[in-house]
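Beneath this line is the structure, given in structure tokens, with notes to follow.
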Amino acid sequence: MATVVSITARPGDKLSDSALIDKFGEAKEHAGLLTKRLDDLKDEIKRRGLAGGELGESFELTVSSTSYDQLDTKAVKASMSAAWVAEHSRPVNRVSISAKRRPVLAAACSS
């Protein structure tokens, strides 16, 4: 069963800050539920050993595997001097945005 999610916040939309925050929070909630569902479906595909190429009614499954080396930054920092680490590091600015559902106030419910 498909769930339709209506998110209308686009550049130029005339939403108040409050409405924009609520749209963001709703979208995050939906994304979290969809991510959980996708993870569960992926786990089941792996459990069944589907290799890709199998057909559904509407989709064809593709499964790919990638191997790569990942640098163990904790080990590098432990092995190298603090000065070396500082010399080979670069600043990164990151903005994180989150929203959490506000509790329903008893006064708001009784009015």
Side-chain angles (χ1 to χ4, degrees):
M1 175 190 301
T3 302
V4 177
V5 179
S6 176
I7 306 297
T8 59
R10 308 250 190 289
D13 278 359
K14 301 207 181 306
L15 294 174
S16 67
D17 290 352
S18 176
L20 179 61
I21 291 165
D22 287 344
K23 287 287 185 188
F24 176 77
E26 290 168 6
K28 287 284 288 181
E29 282 182 348
H30 288 293
L33 293 172
L34 290 173
T35 297
K36 170 75 170 100
R37 180 70 175 135
L38 283 170
D39 289 345
D40 291 346
L41 292 167
K42 287 178 188 177
D43 289 345
E44 182 62 13
I45 288 169
K46 292 174 192 173
R47 188 190 70 75
R48 292 185 184 191
L50 300 178
E54 293 87 353
L55 301 176
E57 292 297 320
S58 302
F59 295 92
E60 179 178 351
L61 182 67
T62 300
V63 177
S64 59
S65 177
T66 304
S67 296
Y68 59 91
D69 293 330
Q70 184 170 337
L71 183 63
D72 184 346
T73 56
K74 285 184 180 180
V76 170
K77 288 177 180 179
S79 298
M80 306 306 287
S81 70
W84 186 92
V85 171
E87 183 179 331
H88 293 85
S89 297
R90 61 178 172 30
V92 175
N93 293 317
R94 182 177 183 190
V95 175
S96 297
I97 300 173
S98 66
K100 63 180 180 179
R101 186 164 290 281
R102 294 174 54 192
V104 178
L105 301 176
C109 292
S110 62
S111 52

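- For Asp72, the CG atom sits in a packed shell: over 12 heavy atoms of surrounding residues, nucleotides or ligands are nearer than 6.0 Å.
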Donor-acceptor pairs under 3.5 Å, side chain of residues 51-61 to any protein atom, not counting sequence neighbours: which ones?
from	atom 1	to	atom 2	distance (Å)
Glu54	OE1	Gly52	N	2.8
Glu54	OE2	Ala51	N	3.3

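- Listed by first then second residue, pairs satisfying salt bridge (charged side-chain N to carboxylate O under 4.0 Å, His left out) with a partner in residues 77-102 read Glu29-Arg101, not counting sequence neighbours.
- Through direct or relayed side-chain contacts under 4.5 Å between Ile, Leu, Val, Met, Phe, Trp and Tyr, Met80 connects to Leu71, Val76, Trp84, Val85.
- The side-chain hydrogen bond (donor to acceptor under 3.5 Å, both in side chains) search around Glu44 returns Arg47, Arg48, not counting sequence neighbours.
- Taking CG from Leu33 and CG from Leu38, the interatomic distance works out to 11.0 Å, rounded to the nearest 0.5 Å.
- The distance from the OG1 atom of Thr62 to the CG atom of Leu50 is 12.0 Å, given to the nearest 0.5 Å.
- Every side-chain hydrogen bond (donor to acceptor under 3.5 Å, both in side chains) that Asp40 has, sequence neighbours left out, goes to Lys36.
- Between Gly25 and Ala99, the shortest heavy-atom distance links the atoms CA-CB, 3.9 Å.
- Evaluation of the side-chain contact (heavy atoms from CB on, under 4.5 Å) rule for Ile97 yields Phe24, Val95 as partners, not counting sequence neighbours.
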